[in-house]
Protein chains: 2
Amino acid sequence: MPKPVVGESARRRRRPTKSGVVLSEGLIVRTALRMLREHGPAGLTVRRLGLALGADPSTLYRYFRGVDDLTLAIGDLLIGRAMDGWRGGGDWRAGLRDLGLRIHAAYLEHPQAAVLTASRISGKAHEIAADEAILGLLRGAGFPDHEAVGVYHTFIDMTLAFAALDAASLALPAEAREADEEIWRATYARLPRATHPNIAAVAPLLVAHMNDSAYPAALEMLLDSAASRLTRPISRPAKPGQV
Amino acid sequence: MPKPVVGESARRRRRPTKSGVVLSEGLIVRTALRMLREHGPAGLTVRRLGLALGADPSTLYRYFRGVDDLTLAIGDLLIGRAMDGWRGGGDWRAGLRDLGLRIHAAYLEHPQAAVLTASRISGKAHEIAADEAILGLLRGAGFPDHEAVGVYHTFIDMTLAFAALDAASLALPAEAREADEEIWRATYARLPRATHPNIAAVAPLLVAHMNDSAYPAALEMLLDSAASRLTRPISRPAKPGQV
DNA sequence: CCGGAACGTCAATGGCGTTGGCATAAGGTG
DNA sequence: CACCTTATGCCAACGCCATTGACGTTCCGG
């Protein structure tokens with residue numbers, strides 16, 4: 001029996017659970033998001049989600065094929081929130097910067113979901129809308145098609161890559177995250193000048209800055225690089241590696 | 001009782017397991033890495049690792065505080081392999097490019113492990129060696145300390161971020177990865193010009209390039225940006241976001 | 001008002017990481 | 001060689017986890 005899971009549209013009989021709650025796909029996803037934010041990365045389990053909803057855990061399998069299915073639904077919500085209220089028009093640079101920071105921020109709002117979904121291609125409506133917007137900004141600015149695709153590719157992958165990396169730190173259990181941050185003080189800041197002269201020389205700067213995100217700096221670099229190509233076109237960088 | 005776990009150096013009594021294997025931290029980590037490659041990301045559990053080693057699962061807790069500790073050790077092994085055979089000296093640009101591509105490639109050699117470790121800071125020997133090398137290149141090139149730290153931060157985070165993103169695609173189950181790649185042809189390449197003019201205009205270029213890694217291009221951008229700061233210093237980009 | 005399907009619940013399965021107690025063999029010491 | 005200490009490997013158990021199949025209840029279309 002290959003798991004039915006009737007679609008949300010075909011769902012009719014809204015039988016309340018023992019505790020009186022009437023379930024729906026939307027309610028479950030929203031509750032899951034809230035649990036992730038409020039109770040941390042380990043806070044979301046099927047059992048706890050059922051408990052929070054006032055329903056038996058197994059009930060959720062009437063709505064999602066499994067945890068992975070639920071995760072993808074959450075991810076779809078994330079992309080939508082990133083684009084929510086976005087208005088096109090204006091400078092291509094400002095537009096790209098805004099889009100990048102929006103996507104980055106939206107993912108960091110829900111790190112656990114971000115980690116699971118940032119590297120996936122959904123092909124769903126919100127994702128396509130974002131891609132169309134980015135390409136529109138670049139082509140509207142006058143980039144020839146192959147340049148536009150190159151910048152687009154670097155832009156979206158860099159944004160998602162940083163979103164995933166930064167989200168992964170936030171998604172760690174509190175103790176592991178604190179341990180990571182402590183390493184800058186406890187290990188790097190105490191390396192002897194004799195064996196590690198360069199780290200020793202800049203240790204205070206490392207402690208001060210390494211727990212910030214490097215994405216804004218990387219994004220500006222990308223925008224600078226793209227702008228310089230626009231005014232005086234240069235050839236693309238040598239042989240991109242296969243992945 | 002806060003879990004002892006004697007260090008590898010202080011370890012003396014090498015009592016063989018029931019199956020005759022003599023354990024060591026290195027053997028455990030290498031076995032774990034092999035299991036990750038052969039059996040996928042979900043293939044590594046303490047129980048299975050114990051089985052593969054011919055030892056009781058609980059024995060591993062004599063060597064690692066827990067799975068998290070083991071994960072960090074695996075990550076350091078990856079960095080060690082990236083740095084293996086690296087020789088300093090020469091142009092700072094060439095040196096940074098080489099280091100970046102080495103780290104990126106080393107992580108992609110073990111995608112499942114990369115996904116687990118790319119966002120972590122271990123503070124172990126190989127990681128420190130890599131950081132010292134990067135900072136040495138930058139300070140040796142004449143970057144003032146705060147610039148060197150800024151470039152270092154962007155460089156290492158960008159490299160690890162792309163490594164994690166690209167590795168995540170490779171680490172997906174084959175069917176899911178193929179489904180993701182197919183979306184470029186099945187969805188993006190078929191969007192009507194009327195509703196998505198920009199995607200439609202460049203669809204063939206997207207299909208041709210989107211499954212490559214954007215890391216080499218991003219890396220060149222970073223090197224260009226750093227070089228321009230070296231010849232004619234500019235201020236750092238505005239207020240990096242907190243993470 | 002009746003039959004079937006949708007739905008929530010229950011109980012159970014097989015996994016997981018981790019822990020505390022226990023037997024033992026390795027190493028230092030004489 | 002004999003003795004003692006203790007690091008080490010093993011065992012059994014705990015409390016989680018996701019997932020499933022059977023079962024009874026409730027709702028809707030006819």
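Order of the sequence lines sets the chain letters (A, B, ...), proteins ahead of strands, with each chain counted from 1. Quick note: numbers below take in every heavy atom, side chains included, and nothing from hydrogens, waters or symmetry partners.
Here Asp98(B) pairs with Trp86(B), Arg102(B) under the side chain to side chain donor-acceptor pair (under 3.5 Å) rule; sequence neighbours left out. Legend: residues meeting side chain to side chain donor-acceptor pair (under 3.5 Å) with Thr117(B), ordered by chain and number and at least two apart, are absent.
Leu53(B) contributes atom CG, which lies 4.5 Å from atom OG1 of Thr31(B) (distance to the nearest 0.5 angstrom). Once rounded to the nearest 0.5 Å, the distance linking CE of Met158(A) with OH of Tyr215(A) reads 8.0 Å.
Screening residues 32-41 of chain A for salt bridge (Lys or Arg N to Asp or Glu O under 4.0 Å), with sequence neighbours left out, gives Arg37(A)-Glu109(A).
When distances run from any side-chain atom of Arg62(B) to the nucleotides dT19(D), dG9(D), dT19(C), the shortest one goes to dG9(D). The nucleotide whose nearest atom lies closest to any side-chain atom of Arg48(B) is, among dT19(D), dC16(C), dG17(C), dC16(C). In this structure, the nucleotide among dG17(C), dT19(D), dG9(D) sitting nearest to the side chain of Tyr61(A) is dT19(D).
Rounding to whole angstrom units, CZ of residue Phe64(B) and C1' of dG9(D) are separated by 16 Å. Note: CG (Leu70(B)) to P (dC16(C)) measures 15 Å, nearest angstrom. Atom-to-atom, CG of Asp69(B) to P of dG17(C) comes out at 15 Å; the value is rounded to the nearest Å. In this structure, Leu27(B) places its CG atom 11 Å from P of dG9(D), rounding to the nearest Å. Across the protein-nucleic acid pair, Leu23(A) atom CG and dC7(C) atom P stand 10 Å apart, rounded to whole Å. Computed from coordinates, the Leu51(A) CG to dT9(C) P distance equals 12 Å when rounded to whole Å. Between the P atom of dC10(D) and the CG atom of Leu60(B) lies a distance of 10 Å, rounded to the nearest Å. Note: OH (Tyr63(B)) to P (dA7(D)) measures 13 Å, nearest angstrom.
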Return the polar atom pairs (N/O with N/O) between nucleotides 11-15 of chain D and the protein under 3.5 Å, or none.
unit_1: dC11(D); atom_1: OP1; unit_2: Lys18(B); atom_2: NZ; d: 2.5
unit_1: dC11(D); atom_1: N4; unit_2: Ser58(B); atom_2: OG; d: 2.6

Show which side-chain atoms of residues 40-49 of chain B pair as donor or acceptor with protein atoms under 3.5 Å away, not counting sequence neighbours.
unit_1: Thr45(B); atom_1: OG1; unit_2: Arg48(B); atom_2: N; d: 3.0
unit_1: Arg48(B); atom_1: NE; unit_2: Gly43(B); atom_2: O; d: 3.3
unit_1: Arg48(B); atom_1: NH2; unit_2: Ala42(B); atom_2: O; d: 3.3

Quiz: residues 70-84 of chain B side-chain donor-acceptor pairs under 3.5 angstrom, not counting sequence neighbours:
unit_1: Thr71(B); atom_1: OG1; unit_2: Val67(B); atom_2: O; d: 2.9
unit_1: Asp76(B); atom_1: OD1; unit_2: His126(B); atom_2: N; d: 3.4
unit_1: Asp76(B); atom_1: OD1; unit_2: Glu127(B); atom_2: N; d: 3.0
unit_1: Asp76(B); atom_1: OD2; unit_2: His126(B); atom_2: N; d: 3.4
unit_1: Asp76(B); atom_1: OD2; unit_2: His126(B); atom_2: ND1; d: 3.3

